[in-house]
2 protein chains.
Amino acid sequence: MISKACKYGIRATIFVASKQEEGIKLNIKDIAREVDAPEAFTAKILQVLNKNRIITSLKGPYGGFYIEDYQLEQPVINIVNAIDGMSVFQECGLGLKQCSATHPCPMHDQYKIARDALLDAFQNTTIGQLAEQVNEGGSYIKNLHY
Amino acid sequence: MISKACKYGIRATIFVASKQEEGIKLNIKDIAREVDAPEAFTAKILQVLNKNRIITSLKGPYGGFYIEDYQLEQPVINIVNAIDGMSVFQECGLGLKQCSATHPCPMHDQYKIARDALLDAFQNTTIGQLAEQVNEGGSYIKNLHY
DNA sequence: TTCATAAAGGATAATTTTATCCTTTATGAA
DNA sequence: TTCATAAAGGATAAAATTATCCTTTATGAA
């Protein structure tokens with residue numbers, strides 16, 4: 001449903017956001033390490049995030065990734081949309097190409113409840129809110145060990 | 001989240017269940033056609049479903065797939081479990097290997113709501129109920145065209 | 001017992017997703 | 001202007017998922 005790339009992307013974005021107040025720029029290596037994601041793959045994802053203005057990047061020495069004030073206000077769904085697109089929030093639970101109230105699959109109503117709950121979660125949560133939670137120490141974006 | 005194999009499997013099971021009253025056995029070809037799934041791939045999935053006693057098969061002429069009374073009472077989650085396993089209902093929305101109330105990701109609570117809604121949908125719906133809906137003509141397991 | 005039939009099973013191929021590596025480009029301090 | 005640095009971009013590789021094909025096995029009617 002949500003791809004690994006997208007989950008890495010959300011974790012990376014939250015990490016970058018969580019460091020905004022420090023006014024520093026973060027490089028790929030540090031980001032990948034702090035969110036337990038493969039470095040080269042994370043680099044590709046950060047590229048997409050920058051192109052979609054989820055985060056901002058600067059090349060060269062003293063460069064790196066950072067997040068701007070307006071970007072903190074973006075809902076997490078913008079990250080999902082940038083990486084996976086919006087199909088997760090529309091697709092049929094049983095894989096039908098068309099599935100709606102007029103041509104529903106037999107699980108349509110029940111599946112829609114779950115799908116809409118997911119939509120709500122991603123739509124009504126901002127990147128800044130998640131970063132704040134992490135900074136307050138109540139939640140994590142990195143695995144314990146492995 | 002839910003694999004294509006699993007969605008094909010659910011549609012196929014519902015189709016077989018919807019024909020139970022006719023007392024006929026269905027072959028792979030017909031099942032695949034009626035649920036718009038690739039035939040050879042569907043054959044593999046039906047194998048798994050038979051092994052997990054979701055449906056029943058009989059080899060040879062006059063053989064095919066059918067569903068028994070007790071199997072109609074099984075919740076759809078049994079199909080998901082047979083094909084994809086239960087991880088969908090446990091996994092972290094941001095991909096952390098461990099994510100729980102004690103070591104939560106910053107989206108834990110909101111994601112859990114959606115995930116539990118999905119669990120509820122699959123757990124509290126039986127194969128027989130879905131087949132009935134299809135038989136009543138109110139819902140579909142086949143695409144319109146393509 | 002033979003034979004046609006239909007699922008089971010094994011081997012493999014195609015596609016998609018995940019992941020890596022290396023070269024190029026931009027940046028800014030010295 | 002030079003040079004070290006860090007992201008961007010291109011080309012592949014590895015892994016997982018989806019999909020196909022062919023042989024084997026079981027079944028039951030004739």
What is the pairing partner of [N], taking Watson-Crick or G-U wobble pairs with both distances under 3.5 Å in any strand?
N	result
D:dG10	C:dC21
C:dA14	D:dT17
C:dA30	D:dT1

Without decimals, in angstroms, what is the distance between [X] [atom1] and [N] [atom2]?
X	N	atom1	atom2	answer
A:M1	D:dT17	CE	P	17 Å
A:K59	C:dA29	NZ	C1'	18 Å
A:L46	C:dA19	CG	P	14 Å
B:L58	D:dA26	CG	C1'	9 Å
B:F41	C:dT15	CZ	P	15 Å
A:N52	D:dA8	CG	C1'	15 Å
A:Y66	D:dA6	OH	P	16 Å
A:F65	C:dA26	CZ	P	16 Å

For B:Y8 and A:G63, find the nucleotide of DNA chain D closest to each by heavy atoms; which residue's nucleotide sits nearer the 5' end?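 Its nearest nucleotide lies further toward 5', so the answer is A:G63.
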Please work out if A:Y62 contacts a base, only the sugar-phosphate, or nothing of the nucleic acid, heavy-atom cut-off 4.0 Å.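 The residue A:Y62 makes sugar-phosphate contact but no base contact.
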Closest to the [X] side chain, choosing from [options]:
X	options	result
A:I28	C:dA8, C:dC21, D:dA7	D:dA7
B:A40	D:dT18, D:dA8, D:dT20	D:dT20
A:P38	C:dA7, C:dT20, C:dG10	C:dT20

Would you say a side-chain N or O of [X] is under 4.0 Å from OP1 or OP2 of [N]?
X	N	answer
B:Q47	C:dA7	no
B:K4	D:dA19	yes
A:S57	D:dA6	no

If I compare all heavy atoms of [X] with all of [Y], which pair ends up nearest, and what's the gap?
X	Y	result
B:I77	B:M86	CD1-CE, 3.7 Å
A:R11	A:I141	NE-O, 3.2 Å
B:I24	B:Y66	O-CB, 4.1 Å

Any chain of hydrophobic side-chain contacts (each under 4.5 Å) joining B:Y140 to B:I14?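 The answer is no; the residues belong to distinct hydrophobic clusters.
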Going only through I, L, V, M, F, W and Y residues with side-chain contacts under 4.5 Å, is there a path from B:L96 to A:I31?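 No; A:I31 is not reachable from B:L96 via cluster members.
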Given that B:K44 and B:N27 both sit by DNA chain C, which one's nearest nucleotide is further toward the 5' end?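 Nearer the 5' end of the strand: B:N27.
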Residue whose nearest DNA chain C nucleotide is more 5′ - B:L26 or A:C6: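 Result of the comparison: B:L26.
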hbond_proxy A:K51 side chain to D:dG9 base (donor-acceptor, 3.5 Å cutoff):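 No, the side chain and the base share no sub-3.5 Å donor-acceptor pair.
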Take atom CD in A:E136; do more than 12 heavy atoms of anything else shown fall under 6.0 Å from it?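 Yes, the 6.0 Å shell around CD holds more than 12 heavy atoms from other groups.
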